[in-house]
Structures are given as structure tokens and as C-alpha cells.
Amino acid sequence: MFTTSEINPGSGQPLLIDAKAVARLLGRCERSIWRDDLAGRIPRPVVIGGSKRWSLKELRRWVAAGCLPRAAWESHRSQPRNSKTS
């Protein structure tokens, strides 16, 4: 098994976090995270086996973008970052 530092060198942080860690990160209770997930208010988690995990990197970007609802976030995320209009 890999350690966190081998997978995400130098950061000491996991790539994926569970609902309890998401709740701590966002200052909310775990139950609220599950409700937000079902309602589409937070980024979509990945499912590994029977567990849901969230990307720490994606959650940080989502917060920086203003905590958009999932549909808006997915649309925002799929846009090119440095697009210039002529």
C-alpha cells in the first residue's frame, strides 16, 4: 500500500477525503454533507467500492469559485481556464 506522501509528494495531504473530513474542511456537520451531496449542492464524489470520497483539490477549487451548485460547478469546471474572446 502507498503512503500519502508517495501518492501526493510533499503535501502530506490525501488526494481523496471522506464525508467526515469534508465536513471538517467546510465547517459543517457530516449529516449536512450527505444532504448536500443528495441535493447536488457540492461537487460529485467518486465511488470506490461502496465508499464515496471527494477530491481535496476539487473541493478547494469549488470553494474558491464560490461554492457553486453541482450543475453550475460542472459547467464552470469544463470551461477552458484561459479562454480569450475576440
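Index from 1, following the sequence. Predicted model, so just to flag it, every value in this text is computed and none were measured.
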> Other than Trp73, what residues sit in its cluster of Ile, Leu, Val, Met, Phe, Trp and Tyr side chains whose heavy atoms are under 4.5 Å apart, directly or through others?
Ile17, Val22, Leu25, Leu26, Ile33, Trp34, Ile42, Trp54, Leu56, Leu59, Trp62, Val63, Leu68

> Partners of Arg24 by salt bridge (Lys or Arg N to Asp or Glu O under 4.0 Å), sequence neighbours excluded?
none

> Does Glu30 have any salt bridge (Lys or Arg N to Asp or Glu O under 4.0 Å) partners at least two apart in sequence or in another chain, and if so, which?
none

> Out of curiosity, Glu58 CD to Leu16 CG, how far, rounded to the nearest 0.5 Å?
10.0 Å

> What pairs with Ser51 under side chain to side chain donor-acceptor pair (under 3.5 Å), at least two apart in sequence or on another chain?
none

> So how far is it from Arg77 CZ to Arg70 CZ, rounded to the nearest 0.5 Å?
10.0 Å

> Minimum heavy-atom separation for Cys29 to Ala23, with atom names?
C-CB, 3.7 Å

> Which pairs count as salt bridge (charged side-chain N to carboxylate O under 4.0 Å, His left out) when at least one residue sits in residues 39-54, sequence neighbours excluded?
Asp36-Arg41, Asp37-Lys52, Arg44-Glu74

> Residues two or more places apart in sequence or in another chain: which of them pass salt bridge (Lys or Arg N to Asp or Glu O under 4.0 Å) with Arg35?
none

> Tell me, please, which residues at least two apart from Arg60 pass salt bridge (Lys or Arg N to Asp or Glu O under 4.0 Å).
none

